[in-house]
Amino acid sequence: MASEITNIFMTSDDTASTLPEVGVDYPTLSPMEEAKEVMPTFEEPNASFDIDEIVDDFGFGAVAKIVSVEDDASLPLLTFRFFVLSLILSVFGGILGQIFYFKPQTLTISTLFHQLASYFGGIFMAWILPKGTWLNPGPFNIKEHVLIATTASTASSSALATGLIASENLYFNRDLGYFLSISLILSSQLVGYGLAGLFRSILVYPARAYYPGKLSSIALFEALHRSTRDQSKYVKFFTIVFLAIFIWEWIPQFIAPSLVGFSVFCLANRNSAVFTILFGGINSNEGLGLFSLCFDWLYISSDPLTLPWSTQVNQMIGLAGCVAAMLGFYYGNIWNSLNLPFMGQGIFTSTGDIYNQSLILDSNNNLNVTAYENYGQPYFAGSWAMQLLFNNIGITAAVMHVAVWNSSEILEAIKKFRVQSDSTSNNSDATRVDENIHFYMMAKYKEVPWWWYAALLVLAMVSGLGVNAAAKSDLDWWCFLIAIAIAAFLVLVIGFLFATTGFNLPTQTLVQLVGGFIRPGNPVANMYFTLWGYQTTAQSLNLLMDLKVAQYMKVPPRAMFISQILGTIVGGVSNYGITKMIVDSQRDVLLTANGNDMWSGQQVQNYNAQAVTWGALSKQLFAAGAYYAWIPYSFVIGFFVPLPTYFLHKYFPHRGFNYINTGIIAWWIGYMTNGINSNLFVYCILGFVSQYYLRRYHACWFNRYNYLLAAALDGGTQVAVFIMTFALFGAGGNGAVQMPYWALNPDTSNGGFSDYCGTAITAIGNNTSS
């Protein structure tokens with residue numbers, strides 16, 4: 001059995017003999033001897049990762065410090081442990097990730113949580129199962145661990161197709177049914193996977209494609225498997241924090257919801273519309289949440305502990321700009337803001353009422369121009385229009401930022417790879433191998449042939465065409481192909497930016513804009529166009545990032561292929577099941593602008609509103625001379641935004657202008673326009689304490705425990721929320737359990753909020769109390 005599995009993943013001796021000739025015969029040397037032989041000038045990492053060493057997670061040089069050159073090709077991979085733990089964690093992640101989609105704050109399941117959960121699960125199974133059998137072929141190993149974590153994290157991402165399914169159900173009264181829904185989810189995901197495989201040579205293999213955002217996860221893999229020093233301390237630390245946060249989360253989530261955003265300003269003035277706008281932030285679309293104290297880790301998340309300090313500084317600049325922009329747009333009455341809700345993702349009439357989109361659409365969901373002219377145009381809340389404006393600026397600003405700062409590095413990386421990717425060449429030299437050692441070490445394993453990905457892409461596209469027709473999407477076949485072509489272009493361009501800078505550009509607005517102009521007048525068609533043009537890009541980038549982790553951890557490509565496909569399928573089925581359950585049980589809540597403390601339809605509302613405005617009304621609202629023409633114009637503005645800091649750096653090279661990323665700043669200027677904002681003050685404080693103070697002045701503690709702390713806090717929180725969602729909040733279909741009202745769980749049925757700020761702000765013209 002072992003030899004058969006080895007044959008599946010390992011190359012033949014003939015293939016191995018085509019490795020670059022740098023004085024090494026791969027089949028006859030141990031993994032560490034291989035690395036030493038091919039690294040005559042490379043700064044060799046420790047075989048056992050030194051957790052005390054300070055590493056720069058934002059620089060390419062950190063790879064040499066973090067990633068080990070150890071490799072044991074005999075380690076078992078697709079074991080019984082792999083399948084059991086992968087399925088359990090994938091179902092768990094797929095369900096919980098979709099629950100988070102309908103939460104007031106946009107949340108994701110931490111990769112660090114999956115790493116720790118799969119690690120302890122693997123260690124437990126290796127201890128309890130009969131040793132020396134197919135159930136337990138040996139100690140739980142790093143490659144097995146990577147495969148399980150990859151499968152689970154792939155399954156845990158909420159598929160955009162579920163937003164489309166929910167939107168059709170809630171706003172168009174169309175239930176696609178189980179078969180069509182599952183087919184839609186899986187085909188849109190697998191198209192992205194096919195594209196990812198075809199771009200491996202540019203977005204995975206080169207050394208410069210190093211995905212900075214994954215370095216912390218890789219460091220954790222190394223710490224858990226490459227060294228046994230202090231492991232008992234790590235386990236004890238993780239367990240204590242995990243249990244503590246698990247117990248604590250029941251308090252802000254159920255017993256005392258006011259702790260999600262405790263505001264002394266709201267307590268001081270409970271009936272002021274202005275105070276609600278400035279200091280309220282405990283509910284979706286309530287206010288800015290300035291100086292609120294959040295005691296709920298679910299909304300704080302591990303980002304302030306794991307994102308690099310330079311990234312968080314740009315975020316903080318963006319948040320400050322967001323406060324100024326939101327208040328400026330609202331009180332300056334830009335785009336009729338004073339007559340509309342301060343925050344909201346839907347579309348409204350000129351007086352702030354919900355815009356009834358059914359009145360302007362015919363029976364085929366196409367725009368009825370006569371009805372539209374009689375009813376009038378829809379309006380965005382000023383803050384949401386501002387968010388669209390700055391997100392668009394952020395897209396092109398980030399492209400230009402990389403173009404002016406990093407174009408020479410990118411071209412050099414492409415040039416180098418064009419030489420080193422020729423695996424049949426015997427003219428390699430040690431220097432080239434030094435620079436991309438992990439790529440060359442993978443040559444002993446059988447690669448996934450390109451035609452596997454091509455075949456998967458074609459099959460998924462054929463399935464997609466069939467689903468489009470069966471679902472009556474009104475998306476023509478040629479529009480579908482254009483969407484796929486856009487996705488392929490974005491995977492290449494945005495993928496290179498993501499791989500080399502760590503910044504993942506939000507491109508949904510761009511895709512919707514194109515879809516609205518090539519298939520005008522139909523919101524449903526726009527939703528499907530966005531699915532194929534945007535979701536496939538997002539899926540591709542996640543899969544490419546995992547393929548890079550596999551290269552660093554020396555996981556055979558064919559084993560990773562199986563892992564990712566399994567996670568995609570299990571996650572897609574789980575996503576649909578929980579979406580159907582929540583939409584059926586919380587329908588009325590999801591259709592309200594503010595939702596409640598536990599559920600929110602803001603993401604579905606946004607998806608639907610964007611489809612109506614970009615799809616049905618693209619020409620009426622966004623064409624030249626139209627009411628919101630500046631929103632698409634902002635794409636052009638973004639190209640010029642990074643230039644001032646670039647030229648300032650040329651004249652003042654030591655003033656730090658090269659650390660300013662205007663793409664990140666612009667995107668974060670629109671960040672506070674939806675969701676809960678009561679977490680952001682604590683978020684910034686924790687970011688300063690962790691990534692600035694501890695990292696600089698207590699580096700030993702930071703490197704030993706910071707990422708374990710993040711994983712434990714995320715893990716305990718998410719397990720607690722998972723249990724509460726089914727036991728208390730009604731996701732199991734048995735109705736929600738009502739906590740008795742008391743000081744930290746006030747009755748909000750009158751329209752107030754749990755932080756004691758005033759009532760919901762619909763239009764300040766109708767609510768002028770101060």
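Quick note: numbers below take in every heavy atom, side chains included, and nothing from hydrogens, waters or symmetry partners.
- Between the side chains of Tyr205 and Gln551, no donor-acceptor pair is found at a separation under 3.5 Å.
- Between the side chain of His698 and the main chain of Tyr693, no donor-acceptor pair closer than 3.5 Å is present.
- For the pair Ser90/Leu87, no side-chain contact is recorded, criterion being any heavy-atom separation below 4.5 Å from C-beta on.
- Taking the charged nitrogens against the carboxylate oxygens, Glu447 and Arg200 do have a contact shorter than 4.0 Å, which makes a salt bridge.
- Close placement of the Phe120 and Phe238 rings is indicated, their centers lying within 6.0 Å of each other.
- The CE atom of Met316 sits 4.0 Å away from atom CH2 of Trp309, with the distance rounded to the nearest 0.5 Å.
- Once rounded to the nearest 0.5 Å, the distance linking CG of Leu78 with CZ of Arg558 reads 12.5 Å.
- Asn314 places no side-chain N or O within donor-acceptor distance of the main-chain N or O of Thr662, the cut-off being under 3.5 Å.
- Under the 3.5 Å distance criterion, the side-chain polar atoms of Thr79 are left unmatched by any main-chain donor or acceptor of Pro76.
- With ring centers used as reference points, Tyr193 lies under 6.0 Å from Phe561.
- In this structure a side-chain-to-backbone donor-acceptor pair under 3.5 Å is present from Gln312 to Pro304.
- The ring of His225 has its center closer than 6.0 angstrom to the ring center of Tyr119.
- Among all heavy-atom pairs drawn from Leu147 and Val555, the shortest one is CD2-CG1, 3.6 Å.
- Without hydrogens or angle criteria, Ser690 side chain to Leu686 main chain gives no donor-acceptor distance under 3.5 Å.
- Within the 3.5 Å criterion, the main-chain N or O of Gln115 finds a donor-acceptor partner in the side chain of Ser118.
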